[in-house]
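Naming: A, B, ... by sequence-line order, numbering from 1 per chain.
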Amino acid sequence: MKALDGVDFTLGEGEIHALLGENGAGKSTLIKVVTGVFARDAGTIRLAGREIAPRSAKDAVDAGIATVYQEVNLLPNLSVAQNLYLGRQPTRFGVVREGEMKRRARALLLDYGLDIDVGAPLSSYSVAVQHITAIARAVDLSARVLILDEPTASLDRHEVEILFNVMRKLADRGIGIVFVSHFLDQVYEICDRVTVLRNGRLIGSREIAELPRLDLIRMMLGRELAETTHERAASQPDTAREVCVSFKNYGKQGYIAPFDLELRRGEVVGLAGLLGSGRTETARLVFGAERADSGEATIDGKAIKLSSPRDGASLGFGYCPEERKTEGIVADLTVRENIVLALQARRGLHRPLSRREQDEIAMRYIRMLDIRPPDPERPIGLLSGGNQQKALLARWLATSPKLLVLDEPTRGIDVGAHAEIIRLVRELCEQGLALLVISSELDEIVTYSNRVVVLRDRAHVEELKGEAVEVSSILAAIAADTAPAQEAAS
Amino acid sequence: MKASTSVAITAVVLVAGFALCALQFPNIASTRVVANLLTDNAFLGIVAAGMTFVIISGGIDLSVGSVIGFTTVFTALAVERWGIPPFAAFALVLVLCALFGAAMGAVIHVFELPPFIVTLAGMFLARGVSFLLSTESIPITAPIYSAVSDFAIKLPGGGRLTAIAIAMLVILVLCALLLHLTRFGANVYALGGSRAATALMGIPVGPMTIRIYMLSSVLAGLAGIVFSFYTAAGYSLSAVGVELDTIAAVVIGGTLLTGGQGSVIGTFLGVLIQGMIQTYINFDGTLSSWWTKIATGVLLFVFIALQQGLMALARRSSLKPAGTRPVAAKPAGAPT
């Protein structure tokens with residue numbers, strides 16, 4: 001897999017340019033290449049006509065490319081003024097001229113509409129102020145290009161407004177700004193142009209004024225509609241099917257709005273929506289990885305306790321998280337050890353699985369899921385992404401679960417393995433498992449889902465059933481004007 | 001600011017403790033006792049100043065006690081056996097200490113090793129070398145030593161502010177200026193705040209680390225020289241465990257063990273508190289001198305708990321949306 005495949009990106013002077021794409025689309029890779037964190041193996045970077053080749057963050061800053069990350073990379077224990085001038089404080093005979101530094105810092109921030117005490121530690125201010133301080137420092141170091149990586153993710157509406165004013169001012173001064181965000185409303189509000197990446201490839205670059213929202217989402221999520229006449233397993237949602245678990249008014253404040261959800265045996269429910277729309281949040285609530293603060297979950301009408309992953313596991317729920325490498329596999333352990341992990345955890349330490357049982361289980365799933373190479377003693381970190389995913393599936397299947405939650409099961413795996421995972425999902429479903437699957441690939445969701453829940457701005461907004469499960473209808477539900485919902489969510 | 005709060009608390013503890021001591025033993029409140037306290041703890045004050053830099057930068061230096069021991073032995077040998085003039089011997093030993101500290105800093109930075117391990121190795125190394133040099137106590141009889149011991153500024157009330165006490169006070173003032181008023185000092189705080197962010201802001205993290213450990217070792221060397229004046233001898237077993245007393249003084253002085261916050265004046269107060277406890281126990285006469293350690297331990301525990309409490313409070317207040325308004329926003333609880 002290429003992380004970034006021959007992408008062109010052009011930023012004009014004084015332009016605010018949105019860089020969009022789902023997880024793994026290549027946004028951060030592009031930024032890291034431009035700022036010298038990653039080395040590129042092909043292509044050139046030109047700044048005002050001159051070719052540059054930054055090899056470190058400092059190189060990029062010297063060249064005039066400054067980056068402000070979502071996590072503010074400043075020093076919370078120092079004063080605002082020190083943060084602005086660290087390493088270049090005004091001095092006289094080696095002594096920092098504190099008064100002069102504060103005066104300059106104050107004047108600099110006033111320019112950004114901030115009238116604050118610059119002698120106070122940075123940590124005593126809100127994230128918005130910290131962001132603006134970071135931007136002020138970056139721009140003051142003679143930046144010509146400013147990259148803002150998800151700067152608004154932890155800001156409230158009012159703070160976003162302050163930040164946008166600053167961005168507009170800087171653009172007026174001729175600074176080119178790259179704005180990475182997954183809030184489409186904000187993109188439409190502030191940006192001039194938008195470039196969309198998907199799977200490391202350039203999908204397109206357009207003037208925002210000439211790009212309807214629906215088209216933008218289509219660029220981000222799916223192929224052209226014409227391609228998506230897929231063969232569907234669209235058996236009618238069968239209400240006669242046995243209900244596995246149902247959630248009523250289930251939600252958590254500031255995390256996801258209360259939702260109703262019924263999961264049935266032998267049925268796949270797909271969760272569709274943009275990045276940050278609340279898909280993973282729903283999955284984590286369903287599994288118990290996050291504790292709900294409203295509503296109730298019931299099995300056969302009886303309320304169940306679901307406040308920790310342990311509760312989920314003991315109810316027969318399984319969860320394959322999206323971050324396979326950090327939350328799923330234990331890279332240094334063997335395939336066998338990874339597969340028996342959940343089963344052993346459920347049995348408890350007092351009833352260890354014998355080595356023979358472990359071998360049997362591992363071999364059974366290696367054969368059943370066609371994990372390659374079929375060597376149970378190989379450290380799982382050495383397997384390809386697709387095979388790691390299968391081993392993770394095996395881990396939960398070994399516990400004979402009733403419900404399996406899969407978060408982006410096909411992310412970052414090659415095309416062949418992709419099709420196989422999809423086939424597996426269908427097969428498991430036919431065996432009577434209840435499945436809840438998250439995916440950004442709408443074709444994929446349409447292929448295996450009996451029902452699709454569409455999410456937007458951390459709320460379930462629509463449930464599509466039967467014939468209504470189509471890429472176009474999902475897109476329409478996602479693209480419906482999000483402005484009012486956005487207000488409510490923040 | 002939070003930092004000044006901790007220093008204020010330390011100062012209050014010192015004043016209150018001194019008042020209690022003076023109530024029980026009125027003689028304690030004399031310039032004589034106070035001047036002696038400064039003389040007795042001169043070497044501790046100097047080495048603690050260096051440790052303050054290290055701890056604020058997020059590191060730790062366990063080698064300082066051994067470096068003091070090494071310095072006393074090396075100086076005694078150089079002056080008494082090898083016939084090197086005292087001031088040349090001082091210069092030589094300080095250069096050796098600087099190289100030693102720079103090497104530890106370089107190892108910490110280049111191999112990304114925890115300072116704890118590297119300076120622990122340095123501690124064994126320096127102590128081992130001093131044993132290699134000599135295992136017995138070597139008295140120093142050079143004329144400069146008796147001249148320095150005789151020198152003192154007479155204070156009203158019979159106290160004598162000795163040369164080594166003056167040396168400590170001067171070094172502390174210089175260190176305070178270096179830490180609080182220079183770019184170097186600001187970088188030390190920055191490193192303690194976040195190494196990664198400091199590097200991203202273009203500060204040369206490697207050279208800074210090397211200089212900080214170099215500073216600490218040179219100050220330990222100076223403390224060793226002062227110690228040799230204090231005891232008029234060089235002994236490889238001197239200053240065993242002093243690194244821990246030093247760390248205790250620094251932490252009691254309000255410096256955060258996790259780095260990013262602290263002050264030289266706080267450290268000075270921390271040294272005085274330890275000295276005060278020692279003085280009280282001497283006055284009492286019936287208590288074992290090991291009670292100093294117990295009292296220091298209790299104080300240390302109380303101060304660390306206090307710091308955590310203050311941090312938690314600060315975290316809670318920083319959750320308030322302070323300063324979100326574009327104009328005339330004031331931070332929560334920052335009187336500066």
Side-chain angles (χ1 to χ4, degrees), chain A residues 35 37 56-58 61-62 67 69 71-83 85-91 93-98 101-102 110 112-130 132 134 137-138 141 155-156 158-159 161-162 165-166, chain B residues 1-4 56-58 177-205 207-208 255-256 258-262 311 313-336:
Chain A
T35 54
V37 178
S56 70
K58 196 173 178 305
V61 170
D62 290 345
T67 316
Y69 296 95
E71 299 293 323
V72 181
N73 267 308
L74 292 179
L75 299 153
N77 58 325
L78 296 190
S79 71
V80 175
Q82 286 280 15
N83 268 295
Y85 291 105
L86 190 71
R88 53 195 189 102
Q89 300 98 326
T91 58
F93 310 121
V95 172
V96 173
R97 297 164 66 199
E98 188 81 21
M101 183 173 76
K102 281 190 188 164
L110 270 177
Y112 290 84
L114 277 187
D115 182 13
I116 59 172
D117 173 11
V118 293
L122 186 73
S123 59
S124 61
Y125 290 103
S126 67
V127 182
V129 172
Q130 297 189 19
I132 291 172
R137 179 183 165 96
L141 284 163
L155 304 187
D156 66 30
H158 176 73
E159 294 171 323
E161 216 40 69
I162 299 174
N165 282 335
V166 168
Chain B
M1 278 207 290
K2 291 169 284 174
S4 51
I56 290 176
S57 80
L177 294 178
L178 181 65
L179 181 62
H180 301 299
L181 295 183
T182 65
R183 282 188 187 174
F184 177 83
N187 292 349
V188 171
Y189 282 98
L191 276 176
S194 157
R195 248 184 126 68
T198 306
L200 277 179
M201 287 166 87
I203 304 298
V205 171
M208 273 303 297
T255 296
L256 227 48
T258 44
Q261 232 177 65
M311 295 268 285
L313 274 180
R315 231 174 283 136
R316 201 171 307 157
S317 66
S318 74
L319 285 180
K320 290 179 204 149
T324 55
R325 306 297 159 251
V327 174
K330 284 274 179 279
T336 330

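- Between A/T67 atom OG1 and B/L200 atom CG the span is 9.0 Å, to the nearest 0.5 Å.
- In this view, A/E98 satisfies the salt bridge (charged side-chain N to carboxylate O under 4.0 Å, His left out) rule with no residue, not counting sequence neighbours.
- The backbone N or O of B/M201 sits less than 3.5 Å from a side-chain atom of A/R137, completing a donor-acceptor pair.
- Taking CD of A/Q89 as the start and CG of B/N187 as the end, the distance is 6.5 Å to the nearest 0.5 Å.
- The two residues A/Q82 and B/A186 come nearest to each other via the heavy atoms OE1-CB, 3.7 Å.
- Interface remark: A/D62 contributes no atoms to any contact with chain B (heavy atom separation under 4.5 Å).
- Here the shortest heavy-atom pairing between B/A197 and A/L75 reads CB-CD2, 4.1 Å.
- Rounded to the nearest 0.5 angstrom, B/Y189 OH and A/N77 CG are separated by 9.0 Å.
- Proximity to chain B (any heavy atom under 4.5 Å) is restricted, for A/L78, to the side chain, taken from C-beta onward.
- Neither the backbone nor the side chain of A/V61 comes within contact range of chain B, judged by heavy atoms closer than 4.5 Å.
- With a threshold of 4.5 angstrom between heavy atoms, B/I203 approaches chain A through side-chain atoms but not through N, CA, C or O.
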